[in-house]
Protein chains: 2
Amino acid sequence: MLVNDWRERKKAATRQRIQDAAIELFLVKGYEATTVEEIAAAAGVSHMTFFRYFPAKDLVVTADPYDPMIAELVAARPAEEPPLLRLRRALAEGFTYLEERELATVRARARLILDTPALRAQLWQQERDTAELVATALAGGVPDLRFRVLAGAGMAAMTAAVVQWAGDDETASLAELIDRAFQALT
Amino acid sequence: MLVNDWRERKKAATRQRIQDAAIELFLVKGYEATTVEEIAAAAGVSHMTFFRYFPAKDLVVTADPYDPMIAELVAARPAEEPPLLRLRRALAEGFTYLEERELATVRARARLILDTPALRAQLWQQERDTAELVATALAGGVPDLRFRVLAGAGMAAMTAAVVQWAGDDETASLAELIDRAFQALT
DNA sequence: ACCCCATACGTTATCTACTAACATGTTAGA
DNA sequence: TCTAACATGTTAGTAGATAACGTATGGGGT
């Protein structure tokens with residue numbers, strides 16, 4: 001079983017190399033102007049290896065572990081709370097945890113995504129998937145229209161906050177913006 | 001100026017021919033399995049003409065006049081109403097107008113879009129654009145975070161309703177689902 | 001130490017969406 | 001009738017994505 005460890009770590013490393021090379025190139029040359037072949041060359045692999053790790057070019061940017069995390073946080077909160085408050089608190093927890101390390105990276109990536117149509121498309125799809133997960137967590141089973149609406153509204157609030165936060169250096173902190181966004185919802 | 005009329009009508013006709021041919025092929029063979037060349041051939045044009053009318057393959061399905069219409073309806077309603085009620089009433093008006101003619105077509109197209117990842121991506125982007133238009137209409141100028149959240153939440157409610165309506169033949173009417181969705185929001 | 005084989009990676013070919021350059025034909029107006 | 005504008009076609013090319021097939025590296029059983 002030691003073998004698997006070694007292989008997994010090697011794979012994780014090349015995956016990271018590809019992703020780093022890609023984002024660096026995107027920030028310098030722009031997303032559209034950067035070809036997969038260039039990324040692969042910069043990471044020292046062939047274009048096939050790129051596609052084995054990221055089935056599509058945009059996934060190298062949009063693949064992200066946070067969205068599923070939100071659903072877990074929602075499920076972890078007491079079911080007695082009203083749905084929107086539950087979601088709000090869950091998000092607050094999540095973003096507080098983030099605050100300490102990766103906020104700058106997240107912001108840079110958010111900007112890249114928001115400035116690139118091809119990447120934005122994926123993002124909205126992802127938001128929708130997360131909304132369904134959140135709705136399921138809120139309902140504690142298959143959600144009905146009511147829970148889907150609430151989850152969707154909550155995601156919309158979060159998205160509005162993130163968009164403002166990413167677009168303006170002078171704006172408030174992300175946590176505060178999310179708080180304000182949920183306030184507007186009630 | 002008579003000339004322009006004639007040319008415009010001819011252009012509108014070929015545009016329609018292309019779109020009809022495309023949607024028919026999509027429904028029969030599926031979106032991915034249908035090539036632009038096939039669509040162009042079925043419509044009796046070259047693939048370049050296709051792209052002149054629809055800059056991207058997916059636009060032949062997702063290009064749609066309803067989303068801008070919503071913003072107009074919102075702006076037309078009295079500004080004294082609370083924002084969410086205003087949006088709700090505006091949507092009610094719009095879908096009542098629709099009811100009389102194209103509902104079946106809209107439903108078929110909605111299903112095609114919801115079943116095709118490549119089309120879904122565009123749809124969410126479009127929803128976002130509409131939300132911005134609605135937010136502007138609600139604010140009567142450049143919207144702040146509050147109006148953006150409300151507009152986004154409203155669009156989320158509408159989307160949830162449309163998704164359920166498109167997915168289930170036995171479900172309630174679209175107007176009623178939208179009404180229920182907005183009820184869940186308050 | 002030997003071979004075996006799984007597994008990651010590369011090479012090559014091909015498809016398709018999409019774009020650009022240039023050619024052609026048709027029609028409105030002088 | 002000539003010409004300028006405009007819609008369309010032809011051709012060639014780029015880039016994302018997939019499939020078939022070959023190769024090498026390293027682990028485990030004998």
Side-chain angles (χ1 to χ4, degrees), chain A residues 1-19 21-23 25-26 28-63 112-113 116-122 125, chain B residues 1-19 21-23 25-26 28-63 112-113 116-122 125:
Chain A
M1 293 303 157
L2 286 172
V3 48
N4 283 345
D5 253 32
W6 178 241
R7 291 214 166 143
E8 289 311 311
R9 294 200 342 186
K10 232 181 125 98
K11 278 171 63 165
T14 49
R15 187 189 161 89
Q16 195 62 44
R17 254 185 19 247
I18 293 172
Q19 195 160 24
I23 292 190
L25 283 168
F26 291 163
V28 173
K29 303 185 45 176
Y31 175 81
E32 315 276 4
T34 304
T35 113
V36 170
E37 213 86 35
E38 288 174 315
I39 300 168
V45 297
S46 79
H47 83 274
M48 275 306 303
T49 300
F50 176 96
F51 282 113
R52 274 192 256 265
Y53 282 91
F54 303 95
K57 184 186 175 187
D58 44 25
L59 293 179
V60 86
V61 182
T62 57
L112 176 60
I113 293 173
T116 310
L119 295 176
R120 265 180 286 169
Q122 276 310 112
Q125 172 65 44
Chain B
M1 292 301 158
L2 286 171
V3 48
N4 283 344
D5 253 31
W6 177 244
R7 289 213 167 143
E8 289 311 311
R9 295 201 339 188
K10 228 177 128 96
K11 278 170 64 167
T14 49
R15 185 188 162 89
Q16 195 62 44
R17 257 187 15 249
I18 293 172
Q19 195 161 25
I23 292 190
L25 283 168
F26 291 162
V28 174
K29 304 185 44 175
Y31 176 81
E32 315 277 3
T34 306
T35 98
V36 170
E37 213 85 37
E38 287 173 315
I39 300 168
V45 297
S46 80
H47 81 274
M48 276 307 301
T49 300
F50 176 96
F51 282 115
R52 276 193 255 265
Y53 282 91
F54 302 94
K57 184 185 176 189
D58 45 24
L59 293 179
V60 86
V61 182
T62 58
L112 176 59
I113 293 174
T116 310
L119 295 176
R120 265 180 287 168
Q122 276 309 111
Q125 172 64 46

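Order of the sequence lines sets the chain letters (A, B, ...), proteins ahead of strands, with each chain counted from 1.
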### Task
Could you tell me the separation between the CG atom of B/Leu119 and the CG atom of B/Leu59, rounded to the nearest 0.5 Å?
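Those atoms lie 10.0 Å apart.
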[X] [atom1] - [N] [atom2] separation (whole Å):
X        : N      : atom1 : atom2 : result
B/Phe54  : D/dT8  : CZ    : P     : 12 Å
B/Phe51  : D/dT11 : CZ    : C1'   : 15 Å
A/Leu119 : D/dG16 : CG    : P     : 12 Å
A/Glu37  : D/dG13 : CD    : C1'   : 16 Å

Please determine if a side-chain N or O atom of [X] lies less than 4.0 Å away from the OP1 or OP2 oxygen of [N].
X       : N      : result
B/Lys57 : C/dC18 : no
B/Thr49 : D/dG9  : yes
B/Tyr53 : D/dA7  : no

### Message
Counting the atoms with a prime plus P, OP1 and OP2 as sugar-phosphate, which does B/Lys11 contact under 4.0 Å by heavy atoms, base, sugar-phosphate, or nothing?
### Response
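Counting heavy atoms under 4.0 Å across all strands, the contact made by B/Lys11 is with sugar-phosphate only.
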### Task
Remember a base hit wins even if backbone is also touched, and classify A/Phe50 as base, sugar-phosphate or nothing at under 4.0 Å, heavy atoms.
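If one applies the 4.0 Å heavy-atom cut-off, A/Phe50 turns out to touch nothing in the nucleic acid.
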### Query
Is there a donor N/O on one and an acceptor N/O on the other, under 3.5 Å, for the side chain of B/His47 and the base of D/dT10?
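It does not, because no donor-acceptor pair links the side chain of B/His47 to the base of D/dT10 below 3.5 Å.
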From the list [options], which nucleotide is the closest neighbour of the side chain of [X]?
X       : options               : answer
B/Val36 : C/dT12, D/dT8, C/dA17 : C/dA17
A/Arg52 : D/dA7, D/dA17, C/dC9  : C/dC9
B/Ser46 : D/dG9, D/dT8, D/dT18  : D/dG9

